[in-house]
2 protein chains.
Amino acid sequence: MTTAQHTPKLTARGAATRTRIVAATANLVREHGAAGTSLDDVMAASRTSKSQLYHYFTNKEDLLRAVAWQQTDRIVEAQRPELDQLDSLAGLRRWRDKFVAARDEAQNVGGCPLGSLASELADGDPQTRTVLQKCFTAWTSPLLMGLTAMRDQGRLRPDADPDALAEAIMTALQGGLLLSNTYRSSRPLARALDMAIDHVASFATSREAAVA
Amino acid sequence: MTTAQHTPKLTARGAATRTRIVAATANLVREHGAAGTSLDDVMAASRTSKSQLYHYFTNKEDLLRAVAWQQTDRIVEAQRPELDQLDSLAGLRRWRDKFVAARDEAQNVGGCPLGSLASELADGDPQTRTVLQKCFTAWTSPLLMGLTAMRDQGRLRPDADPDALAEAIMTALQGGLLLSNTYRSSRPLARALDMAIDHVASFATSREAAVA
DNA sequence: CAAAAACTGGACCATCAAGTCCAGTTTTCT
DNA sequence: AGAAAACTGGACTTGATGGTCCAGTTTTTG
């Protein structure tokens, strides 16, 4: 979906610099958290100077908001093929498997790039919180699409609420990532997602059961 | 359960001071996060001096570990009556209702005291991570007890795995709190817990159905 | 009743943080 | 071409921050 951030006038070089800053910051934040990332770190990692940081962003918070968008884009992009096929229990399970495998590959180190950001910044200024809400909503959107399609195709009962289901899956995902990061094991994440998918399955019709 | 932290020799006054420090730090951390809480803040809030902080704790991390224990104790204590009766679907639902109501009373501001701590510190030193694991396990323990009792009493099918169920509930709880804090609404938490309880219910026998 | 241990106060230090400022260069647009 | 706007470098300011040190008081204990 490429969450566009309105940046009025930028030359080619300017745009490149801005991108470099955001990308570098995103990496640092993913590893050390927002509070653990200083602007000096950002300068070093992006090969820029203070004045450039403050040329493109009004302050650190502003930069972190840009990072939130970028993390969301990255996440969605990385899950692209799977996220577009969440319109069946089989599709959900493929997504789950991919996700869990990816966490295991990363040795379950580091939580959700968006989740940790939210945990750190959600109690801060309202503007940032609003951005975080939109990021979560954007990420949940493919889930919502898929579930809505399932219901419309009669694979889920009419009383299934795609909105509630999608949100519940996202909570399971976030909680799973938090516990998995703490325990350094994908088990909590796997169990959380299994529960969530079972929950969806409990609304499945015989038509979907046949497919699954 | 009162997670005891081995503190060898302490006079009555010393113990009081130590307690005061931990309690004050816990409050500050709950409001501003670990990184957002300075030792000067702690000194002011606990009416102590630097040397006292370093007399009772080797460094900030050490103090934060003590805070993790204390947060866990507090949480468990606050939920005491409900946590002890999680041995039926009805008990689980009462607990859910109490929890959601409490969050609404707090206007859904502030995440889970333990969850945010974990999110912030889980990637730090292993000693701290170990403490966080134990804290989560301690908190999950009453859940595990209740679910095990339910299965032993034949209210859950024999193939129900209390361990997996308890962990899944905790992930739903953590994810729900994160999203609820971000959206400033108890809805995600409520949906997450409903899903988790439905999941437990899917393992219920007719005996439990009769009680519920 | 000492001596040892537990406890306390607060000055001090080195470091690093976000944010400011201004002088200079490059690109864009007419 | 030439002015305006976009862009860049880096020194500098101000204020925290975690952590150290040591001299002094209170409590415990043999």
Side-chain angles (χ1 to χ4, degrees), chain A residues 5-26 28-29 31-68 117 120-121 123-125 127-128, chain B residues 5-26 28-29 31-68 117 120-121 123-125 127-128:
Chain A
Q5 45 258 223
H6 40 65
T7 320
K9 308 140 192 163
L10 278 186
T11 65
R13 186 161 59 127
T17 303
R18 207 199 112 107
T19 301
R20 219 166 62 241
I21 293 171
V22 176
T25 311
L28 291 167
V29 166
E31 278 189 62
H32 311 110
T37 300
S38 75
L39 297 185
D40 290 305
D41 295 338
V42 173
M43 284 164 56
S46 61
R47 304 182 316 280
T48 52
S49 66
K50 266 286 167 66
S51 59
Q52 304 187 56
L53 263 46
Y54 282 90
H55 180 69
Y56 294 104
F57 307 95
T58 71
N59 53 31
K60 193 183 178 184
E61 280 270 328
D62 190 32
L63 171 56
L64 289 175
R65 280 191 288 271
V67 167
L117 214 47
E120 232 179 315
L121 305 179
D123 287 328
D125 77 24
Q127 210 182 335
T128 302
Chain B
Q5 47 258 222
H6 40 67
T7 320
K9 306 141 194 166
L10 278 185
T11 65
R13 185 162 57 130
T17 303
R18 207 199 113 107
T19 301
R20 218 166 62 241
I21 293 172
V22 175
T25 310
L28 291 168
V29 165
E31 277 188 64
H32 311 111
T37 299
S38 74
L39 297 185
D40 290 306
D41 295 338
V42 173
M43 284 164 57
S46 62
R47 303 183 318 281
T48 51
S49 65
K50 266 286 169 66
S51 59
Q52 305 187 58
L53 263 46
Y54 282 89
H55 181 68
Y56 295 104
F57 307 94
T58 71
N59 53 32
K60 194 183 179 184
E61 280 269 329
D62 190 32
L63 171 56
L64 289 175
R65 281 191 288 272
V67 167
L117 213 48
E120 231 179 314
L121 304 179
D123 287 327
D125 77 21
Q127 210 182 335
T128 302

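Quick note on labels: first sequence line is chain A, next is B, and so on, each numbered from 1.
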5′-ward residue of the pair B:S49/A:N59 relative to DNA chain C: B:S49
Rounded interatomic separation in angstrom, taking CZ from A:R47 and C1' from D:dT8: 14 Å
Interatomic distance, B:H55 NE2 vs D:dC21 P [rounded to whole Å]: 17 Å
A:E61 CD - C:dA18 C1' separation (whole Å): 12 Å
Non-hydrogen side-chain atoms of B:I21 and B:F57 separated by less than 4.5 Å: yes
Nearest-0.5 Å distance that lies between atom OG1 in A:T58 and atom CG in A:L63: 9.5 Å
Length of the line joining B:L63:CG and D:dG19:C1', which is rounded to integer Å: 14 Å
N/O donor-acceptor pair under 3.5 Å between B:E120 side chain and B:A35 backbone: yes
C:dC7 OP1/OP2 closer than 4.0 Å to side-chain N/O of B:Q52: no
All side-chain contact (heavy atoms from CB on, under 4.5 Å) counterparts of B:A23, not counting sequence neighbours: none
Atom-to-atom span, CZ of A:F57 to P of C:dT20 - whole angstrom: 16 Å
Residues that B:D62 engages under salt bridge (charged side-chain N to carboxylate O under 4.0 Å, His left out), provided they are two or more places apart: B:R65
Could I get a table of every N or O pair under 3.5 Å where one atom is in the protein and the other is in nucleotides 13-17 of chain C?
residue : atom : partner : partner atom : Å
C:dA17  : OP1  : A:S38   : OG           : 3.3
C:dA17  : OP2  : A:D40   : OD2          : 3.3

The helix from C:dC1-D:dG30 to C:dT30-D:dA1: angle between end helix axes, five pairs per end, rounded to 10 degrees: 20°
Gap between atoms CG and P, on A:L53 and D:dG9 respectively (whole Å): 12 Å
Expected output: side-chain A:K50 to main-chain A:L39 donor-acceptor under 3.5 Å: no
side-chain N/O B:Y54 vs D:dC21 OP1/OP2, d < 4.0 Å: no
Check: C:dG9 base within 3.5 Å donor-acceptor of B:K50 side chain: no
Whole-Å gap separating P (C:dA18) and CG (A:L28): 12 Å
Those residues that, when tested against A:S38, pass side-chain contact (heavy atoms from CB on, under 4.5 Å) (two or more places apart): A:D40, A:D41
Residues which pass side-chain contact (heavy atoms from CB on, under 4.5 Å) with A:R20, listed by chain and number, not counting sequence neighbours: A:T17, A:R47, A:T48
Qualifying residues under side-chain contact (heavy atoms from CB on, under 4.5 Å), relative to B:A15, sequence neighbours excluded: B:L10
For atom NE2 of B:H32 and atom C1' of D:dT17, their distance in whole Å: 16 Å
Provide a list of protein-nucleic acid N or O atom pairs under 3.5 angstrom, restricted to nucleotides 22-29 of chain C.
residue : atom : partner : partner atom : Å
C:dT26  : O3'  : A:R13   : NH2          : 3.4

Residue list, side-chain hydrogen bond (donor to acceptor under 3.5 Å, both in side chains) with B:E31, at least two apart or on another chain: none
Sugar-phosphate only, base, or nothing, as touched by B:T48 at under 4.0 Å among non-hydrogen atoms: nothing
Nearest non-hydrogen partners of B:A34 and B:L117, listed with the distance: CB-CD1, 4.1 Å
A:S49: partners by side-chain hydrogen bond (donor to acceptor under 3.5 Å, both in side chains), with sequence neighbours left out: A:S51, A:Q52
